[in-house]
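In what follows, a structure is listed as structure tokens, so that the remarks can point back to it.
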There are 2 protein chains.
Amino acid sequence: MAVTTRRADAQRNIAAILTAAAECLSRDPAASTSDIAKAAGVGRVTLYGHFPSRAELIDAVFVQAIATGEETLGQVDLTGDPREALGRLVESSWQLVDQYRALLLAAQDSLPPGRVRELHADPMARVERLLERGRDEGVFRTDLPTSWLVSVMHNVMHGAASEIHAGRITSDQAAPYITATLLAAFRSD
Amino acid sequence: MAVTTRRADAQRNIAAILTAAAECLSRDPAASTSDIAKAAGVGRVTLYGHFPSRAELIDAVFVQAIATGEETLGQVDLTGDPREALGRLVESSWQLVDQYRALLLAAQDSLPPGRVRELHADPMARVERLLERGRDEGVFRTDLPTSWLVSVMHNVMHGAASEIHAGRITSDQAAPYITATLLAAFRSD
DNA sequence: CTCTTGTCGAACACCAGTGTACGAGTTACC
DNA sequence: GGTAACTCGTACACTGGTGTTCGACAAGAG
């Protein structure tokens with residue numbers, strides 16, 4: 001693709017649209033292209049000039065969100081006691097989950113089925129690796145599939161995000177609650 | 001209300017609409033009133049004659065679903081060892097969760113915020129009572145709020161439903177997985 | 001400085017859904 | 001068998017989104 005030759009203002013607009021979309025969709029998963037274009041300080045036509053459809057825009061936003069998330073998660077120290085590593089991973093992960101909660105909803109009903117999971121491959125692999133190491137070292141249970149444990153972690157974190165959103169727990173409580181729950185749920189014997 | 005005086009065919013139609021709506025919405029949370037009316041073998045106008053809006057129809061369906069669910073759950077023996085009681089409760093609950101999964105989604109984006117939780121008051125209270133008894137008897141942990149534990153149970157069950165829906169686990173595996181996970185997550189010490 | 005690339009707003013066609021109006025027809029009730 | 005309650009299909013008005021087209025205009029690249 002000769003996408004390399006893109007005029008400077010076009011690149012600026014694309015970036016503006018992406019960040020505006022991330023903001024809007026995080027506030028309201030049903031945000032329209034008009035809302036997003038307006039928030040980006042750009043005409044709706046310009047938006048469609050860069051993204052052929054609302055779905056492809058959401059896909060791009062999602063890809064970007066995962067990428068920046070991965071940047072954060074990549075810096076988490078996952079060595080040492082797997083239980084403490086899990087704690088550190090939860091600490092970083094759950095904030096991302098909370099932040100991108102609404103965006104996930106938008107993706108789920110605009111993107112083809114399976115696409116969301118596909119884009120989650122990297123973060124999921126990271127969790128899986130840690131869990132498997134913990135199993136090898138005998139601190140995590142082996143009587144349930146790793147994929148199930150990953151799913152439990154995912155759902156507990158999203159549940160916490162909902163609880164915060166509903167005002168039933170505070171942001172500070174979330175990480176310790178999640179960690180305490182998962183460590184108990186995952187431990188061996 | 002003199003609703004007592006309702007012609008027989010009207011009552012039949014109302015019932016048909018409710019069950020058709022439950023079916024349609026369970027298949028597709030975005031099912032339209034046309035779809036539902038068609039499935040009920042009834043004109044769309046008739047539907048609106050009984051339910052002033054799509055939202056109120058969904059509310060009625062949801063109320064009915066909760067009621068029939070409560071009927072099932074009311075028969076679960078919650079006495080004896082709280083851990084075994086939890087297992088029995090999970091066994092009955094998770095199937096309802098799986099069955100009404102999509103209906104819940106429909107309710108969540110058609111009903112006013114808080115309404116869904118409001119209607120869940122009874123089943124939630126049942127779980128809470130069991131958990132508190134387990135705490136009193138020293139078998140369930142007390143270092144986390146009961147409401148959090150209830151939320152964990154809720155989210156793990158819904159997560160299981162998603163896994164089934166995506167074909168990653170089978171219906172048979174779900175209950176044991178859920179129970180094994182929750183018992184570990186909830187146990188004291 | 002010119003020419004390509006991009007932007008803008010307004011307008012348009014389109015679609016899918018919700019809720020209402022009407023008038024003719026049917027069904028239960030007494 | 002008469003009457004009130006109910007149903008039906010069609011048609012309509014309205015809403016709110018998506019995606020496209022147009023022509024005039026602005027801005028960056030060489």
Side-chain angles (χ1 to χ4, degrees), chain A residues 1-21 24-25 27-62 102-103 105-112, chain B residues 1-21 23-25 27-62 102-103 105-112 115:
Chain A
M1 333 191 176
V3 187
T4 42
T5 47
R6 258 286 200 340
R7 230 173 60 182
D9 58 345
Q11 294 178 4
R12 252 183 285 124
N13 279 335
I14 292 177
I17 291 170
L18 281 175
T19 65
C24 289
L25 293 171
R27 235 180 296 114
D28 174 16
S32 70
T33 51
S34 315
D35 298 336
I36 295 170
K38 206 169 297 173
V42 142
R44 202 164 62 92
V45 181
T46 302
L47 189 155
Y48 277 102
H50 294 300
F51 302 94
S53 70
R54 185 174 184 274
E56 296 217 29
L57 169 58
I58 291 181
D59 194 290
V61 172
F62 202 84
L103 179 56
L105 292 181
Q108 268 164 347
D109 58 31
S110 295
L111 267 36
Chain B
M1 342 187 170
V3 185
T4 43
T5 46
R6 258 286 207 317
R7 233 173 61 179
D9 57 347
Q11 294 178 3
R12 251 184 287 124
N13 279 335
I14 291 177
I17 291 170
L18 281 174
T19 65
E23 281 176 20
C24 290
L25 293 171
R27 238 181 294 116
D28 174 16
S32 69
T33 50
S34 314
D35 298 335
I36 294 169
K38 207 171 295 172
V42 143
R44 202 166 60 92
V45 181
T46 302
L47 189 153
Y48 277 101
H50 293 301
F51 301 95
S53 72
R54 185 173 183 275
E56 296 217 30
L57 169 59
I58 291 181
D59 193 291
V61 173
F62 202 83
L103 179 56
L105 292 181
Q108 267 164 348
D109 58 33
S110 296
L111 266 38
R115 178 64 176 152

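All figures in this text were calculated on a predicted structure; none of them were measured in a lab. In what follows, chains are A, B, ... by sequence order, proteins preceding strands, each numbered from 1.
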Kindly say if B/N13 contacts the phosphate of D/dT7, meaning a side-chain N or O under 4.0 Å from OP1 or OP2.
yes
Taking only the side-chain nitrogens and oxygens of B/H50, find out if one of them lies under 4.0 Å from OP1 or OP2 of D/dT7.
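Checking D/dT7 against B/H50, a side-chain N or O does come within under 4.0 Å of OP1 or OP2.
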Show every donor-acceptor pair shorter than 3.5 Å between a side-chain atom in residues 44-52 of chain B and any protein atom, with sequence neighbours excluded, or say none if there are none.
none

Take atom [atom1] of [X] and atom [atom2] of [N], then tell me their distance rounded to the nearest Å.
X     : N      : atom1 : atom2 : value
B/L25 : C/dG17 : CG    : P     : 13 Å
A/K38 : C/dT7  : NZ    : C1'   : 17 Å
B/L57 : C/dT18 : CG    : P     : 10 Å
A/Q11 : C/dT7  : CD    : C1'   : 15 Å
A/I17 : C/dG6  : CD1   : P     : 13 Å

Quick one: what's the B/S/- string for nucleotides 23-29 of chain C, heavy-atom cutoff under 4.0 Å, read 5' to 3'?
----BSS
Assign a letter to each nucleotide of nucleotides 13-19 of chain D from its 5' end: B, base within under 4.0 Å of a protein heavy atom; S, sugar-phosphate only; -, no contact.
----SSB
Can you tell me how far apart OG1 (A/T19) and CD1 (A/I14) are? Round to the nearest 0.5 Å.
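One finds 12.0 Å between OG1 of A/T19 and CD1 of A/I14.
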To the closest 0.5 Å, what do you measure between CD (B/Q108) and CG (B/L103)?
10.0 Å
Report the residues that fulfil side chain to side chain contact (heavy atoms under 4.5 Å, CB included) with A/A107, sequence neighbours left out, ordered by chain and then residue number.
A/I58, A/F62, A/L111, A/V116
Under the side chain to side chain contact (heavy atoms under 4.5 Å, CB included) test, residues paired with A/D109 that sit two or more places apart
none
Side-chain donor-acceptor pairs under 3.5 Å in residues 30-38 of chain B, sequence neighbours left out?
| unit_1 | atom_1 | unit_2 | atom_2 | d |
| --- | --- | --- | --- | --- |
| B/S32 | OG | B/S34 | N | 3.4 |
| B/S32 | OG | B/D35 | N | 3.2 |
| B/S32 | OG | B/D35 | OD2 | 3.2 |
| B/D35 | OD2 | B/S32 | N | 3.1 |

Closest heavy-atom contact between B/A39 and B/A20?
C-CB, 3.8 Å
Using the side-chain heavy atoms of A/V45, tell me which of these nucleotides is nearest: D/dC22, D/dC6, D/dC8.
D/dC22
